[in-house]
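Notes to accompany the following structure.
Small disclaimer: the values here were computed from a predicted structure and weren't measured.
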Number of protein chains: 2
Amino acid sequence: MTLHDVAREAGVSIATASRALNGSARNVRTENASRVRAAAAKLDYRPHPSAQAVARGSTPTVALVVGDVADPYFSAIAAGVTQAAEAAGLVVTMAVAGRSPQRELELVRTLRGQRPRVIVLAGTRIDGTTASTAPKDGRAVDGAAASAAPGDGRAVGGTDTRGALVGELEEYQAAGGRVVMVSQRDLPFDTVTIDNTGGAHRLARALAGAGYRRFAVFRASESVRTSRDRVAGFTAGLRAAGISLDDRFVIETEFTRGGGYEAARKLAERGADEVEIVFAVSDVMAIGAMTAFRDAGLVPGEDIAVAGFDDIDSAIDVTPALTSVAVPLREAGQEAMRLALGGGPAPDAVQISTRVVLRESTPARR
Amino acid sequence: MTLHDVAREAGVSIATASRALNGSARNVRTENASRVRAAAAKLDYRPHPSAQAVARGSTPTVALVVGDVADPYFSAIAAGVTQAAEAAGLVVTMAVAGRSPQRELELVRTLRGQRPRVIVLAGTRIDGTTASTAPKDGRAVDGAAASAAPGDGRAVGGTDTRGALVGELEEYQAAGGRVVMVSQRDLPFDTVTIDNTGGAHRLARALAGAGYRRFAVFRASESVRTSRDRVAGFTAGLRAAGISLDDRFVIETEFTRGGGYEAARKLAERGADEVEIVFAVSDVMAIGAMTAFRDAGLVPGEDIAVAGFDDIDSAIDVTPALTSVAVPLREAGQEAMRLALGGGPAPDAVQISTRVVLRESTPARR
DNA sequence: TTGAAAGCGCTACCAG
DNA sequence: CTGGTAGCGCTTTCAA
């Protein structure tokens, strides 16, 4: 079952057998090649990837680090990466960072040991690698100081674990590995980003076009870049349509279903007559908000319109169906592999575009 | 950066360094051991898993085969497996079979090459490994003929690819590997199953207890074991409560959202006055059904009650919130690892229990 | 306890 | 084009 056996069975040297089975192109006489293949088939030979790895110095694998497999956000990306990787003959090894920067660093270290061809980091949507367990007071040290422009939020991220991570990845890259970040820009690696700003911009214009004038926005904390970008794009879109957003109706809340519920409850409580429509920066928030409105006696889509962002599956399951912006996460994953496999020089970047989907939660006015 | 360097730095032989860092227990003088560890730390040494693998003959990994990462059913299982595996210091490599038995076989072959410690197959919920691409006429040959009792549905499954798969896994197991199947029983491997029958049974009793008497059931094709089990459990539960199910109201449809919609549409069309409540064998079907009822002018939860199975996230996002049976998929994944890691002799089995969750879609009657 | 050395299975360089 | 053969980095007898 080893190459040795195959070679003997085929009556050639082990070197020839190796070449016929794996090595570079046509340097084996066709006849010999087929004898080897026959022998391999007969003996049910399977190459030993680890042995190949130690001999060549790298494994035909792509290491994928996600925050949480069960989160549709990550699993959609994972699906894309897996699909593209398998098409390229690469096996995916997946690790879960659980939104902890330390864990992420640890994993990258371990994974590097496996000598994968590619490392893909599908980070969270929070600034500074992942920030949920990071100190909130901003005194964290950022390892990649040179490029940490003040005010862009990158300073969040735990005492130097971010710097260590970047260092680790840079070494890996210098040694010939490919690194791709999904939705984390500003790092010296290939990057796939999502067009949050543009999508929100177009959504705003579409809603303005549908006749809406008085908007409310439910957004997450400033440190959530995704939220920030979406709000920025949305505001700009409104402005382009000649509409201004009243600060009183921009409500900061959690980036969760509960957050959306809470914000809507508050809004309904203090009287929502002045707003015709709510834009929540994510679908789960929007869905929570719809329930809250209903609980407060307002019928979503009639008394108050609601729009979200992400176009998650349940957007069409709720009543009324939710207007949203579709984010092709799976494509983002595929694109990440394309970047990794395409030869381009390292710090390359592509942006995945998003698409507005109007549904019954935002009926055209009049 | 190799063991060699560490050994030199510590002034010991490479063999000693190996023993100090990885090998079996206390056979190294404590002083030497700590010197080696110090050297390793100083040099930032990272062992090369592939080299270890080729030397020892196995990798500290668990190979996980799922049908589709983006499907919450699989991603929840994957999350559990990953969590437990990481806790045990194992890396997970994931492969996607895309519901094709051939692909699954191919993957197992490839994965075996990696010499993983464990192989976990999270099969589909269809009989015969995966049946979607299998012939429908039942003339398929089943490789594991001996145990293929007629009528238990196992005959479905593509010309011997199932037999080949079993053979492949048996060889692997004989060579010391551990195999665990999730939700596929009747195979000579460790198995984690979901208590579909019991859950459905309890659901039926709970609904009977809430005052319901006239039931309809939306089920999938007979070849979908999950559906079959749930229907069987449900029927038994009703019987236990002294209720019988009218065959006219057992509707076979697709195991999808669209299937649920279609079934409900038909039922509403021919008049649903005779039924008080519909049990759909999955939540997605139930949700589709709710929409269809609404489209037909019936208010779910008022004019007609609806219950599902799985307790997917959106069960609480729909209106009214859906009564369902929670299936702890993540735990199933963890349990799979526990089986694999626990020493028990191979064909062991555990069942994951399910829990009824009553919500507004099935208000108590009167 | 420790070191020397024989592999593990495969690749790739070097002569032929 | 092909066959030796020297590694790849690590584990594990086998003596010492």
Side-chain angles (χ1 to χ4, degrees), chain A residues 1-37 39-40 43-61 91 109-110 112-117 175-177, chain B residues 1-37 39-40 43-61 109-117 175-177:
Chain A
M1 24 160 125
T2 86
L3 196 53
H4 192 237
D5 303 317
V6 177
R8 194 159 30 72
E9 172 79 21
V12 300
S13 82
I14 157 175
T16 300
S18 170
R19 287 189 277 253
L21 259 19
N22 318 310
S24 40
R26 290 287 95 74
N27 17 354
V28 172
R29 206 193 319 164
T30 2
E31 188 199 315
N32 268 344
S34 48
R35 299 179 48 145
V36 171
R37 266 191 303 268
L43 268 44
D44 191 28
Y45 164 78
R46 238 71 66 65
H48 191 312
S50 296
Q52 303 188 135
V54 55
R56 337 194 221 240
S58 93
T59 5
T61 61
V91 169
R109 279 204 225 277
T110 308
R112 249 193 89 189
Q114 319 224 50
R115 314 296 193 274
R117 209 91 83 205
Chain B
M1 24 161 122
T2 87
L3 196 52
H4 192 237
D5 304 317
V6 176
R8 195 158 31 71
E9 172 81 20
V12 301
S13 81
I14 156 175
T16 301
S18 170
R19 288 189 274 254
L21 259 17
N22 319 309
S24 40
R26 289 287 97 75
N27 15 356
V28 172
R29 205 191 320 163
T30 3
E31 188 200 314
N32 269 344
S34 48
R35 299 179 47 143
V36 171
R37 266 191 302 268
L43 269 44
D44 191 28
Y45 165 78
R46 238 73 66 63
H48 191 313
S50 296
Q52 302 189 134
V54 55
R56 315 199 238 243
S58 92
T59 7
T61 62
R109 279 204 226 275
T110 307
L111 292 171
R112 249 193 89 190
Q114 319 223 50
R115 316 296 195 273
R117 210 89 84 206

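- In this structure, A:Y45 and A:T2 approach most closely via the heavy-atom pair CE1-C, 3.7 Å.
- Side-chain contact between A:Q114 and B:S50 is absent, with no heavy atoms from C-beta onward closer than 4.5 Å.
- No hydrogens or angles were tested; on distance alone, nothing pairs the side chain of A:R46 with the base of C:dG9 as donor and acceptor under 3.5 Å.
- At a cut-off of 3.5 angstrom, the base of C:dG9 holds no donor-acceptor pair with the side chain of B:R115.
- The nearest pair of heavy atoms linking B:V36 to B:V6 is O-CG1, 3.8 Å.
- The side chain of B:A55 approaches D:dT11 more closely than any other nucleotide in the set C:dT2, D:dT11, D:dC1.
- For B:V54, the side chain to side chain contact (heavy atoms under 4.5 Å, CB included) criterion is met by A:A51, A:V54, not counting sequence neighbours.
- Among the nucleotides D:dT2, D:dT5, D:dT13, the one closest to the side chain of A:I14 is D:dT5.
- Two end axes, each from the C1' atoms of five base pairs, can be drawn for the helix from C:dT1-D:dA16 to C:dG16-D:dC1; they diverge by 40°, to 10 degrees.
- In this structure, of D:dT12, C:dT2, D:dC10, it is D:dT12 that holds the atom nearest to the side chain of B:A15.
- Distance, B:Y45 OH to D:dC10 P: 3 Å, rounded to whole Å.
- A distance of 9.0 Å separates CZ in A:R35 from CZ in A:R29, rounded to the nearest 0.5 Å.
- For A:H4 and C:dG9, the NE2 to C1' distance is 11 Å, given to the nearest whole Å.
- Closest-nucleotide positions on DNA chain C for B:V54 and B:A17 were compared, and the one nearer the 5' end corresponds to B:A17.
- For B:T2, the side-chain atoms get nearest to D:dG9 when compared with the rest of D:dC1, D:dG9, C:dG9.
- Shown here for A:I14 and A:L3, the closest heavy-atom pair between the two residues is O-CD2, 4.0 Å.
- Put simply, NE2 on B:H48 is 13 Å from C1' on C:dC10, counting in whole angstrom units.
- A sub-4.0 Å separation between OP1 or OP2 of C:dT1 and a side-chain N or O of B:N32 is absent.
- Across D:dG9, D:dC10, C:dC10, the shortest atom-to-atom separation from the side chain of B:L3 is found for D:dC10.
- Side-chain N/O atoms of A:S18 include none lying less than 4.0 angstrom from OP1 or OP2 on C:dC10.
- The separation between A:R29 atom CZ and D:dG3 atom C1' is 13 Å, rounded to whole Å.
- Residues A:R115 and A:T59 bring no donor and acceptor atom of their side chains to less than 3.5 Å of each other.
- For A:Q52, taking side-chain heavy atoms from C-beta onward, the closest of the listed nucleotides D:dG9, C:dG3, C:dT11 is C:dT11.
- In the set D:dT11, C:dA4, C:dC10, the nucleotide with an atom closest to the side chain of B:N22 is D:dT11.
- The distance from atom CZ of B:R19 to atom P of D:dT11 is 11 Å, rounded to the nearest whole Å.
- Note on B:S13: every side-chain N or O is 4.0 Å or more away from OP1 and OP2 of C:dA4.
- B:S34 is linked by a side chain to side chain contact (heavy atoms under 4.5 Å, CB included) to B:R37, counting only residues two or more places apart in sequence or in another chain.
- To the nearest angstrom, P of D:dG9 lies 16 Å from CZ of B:R56.
- At least one side-chain nitrogen or oxygen of B:T16 sits closer than 4.0 Å to the OP1 or OP2 atom of C:dG3.
- Nucleotide C:dG3 holds its P atom 15 Å from the CZ atom of B:R8, rounded to whole Å.
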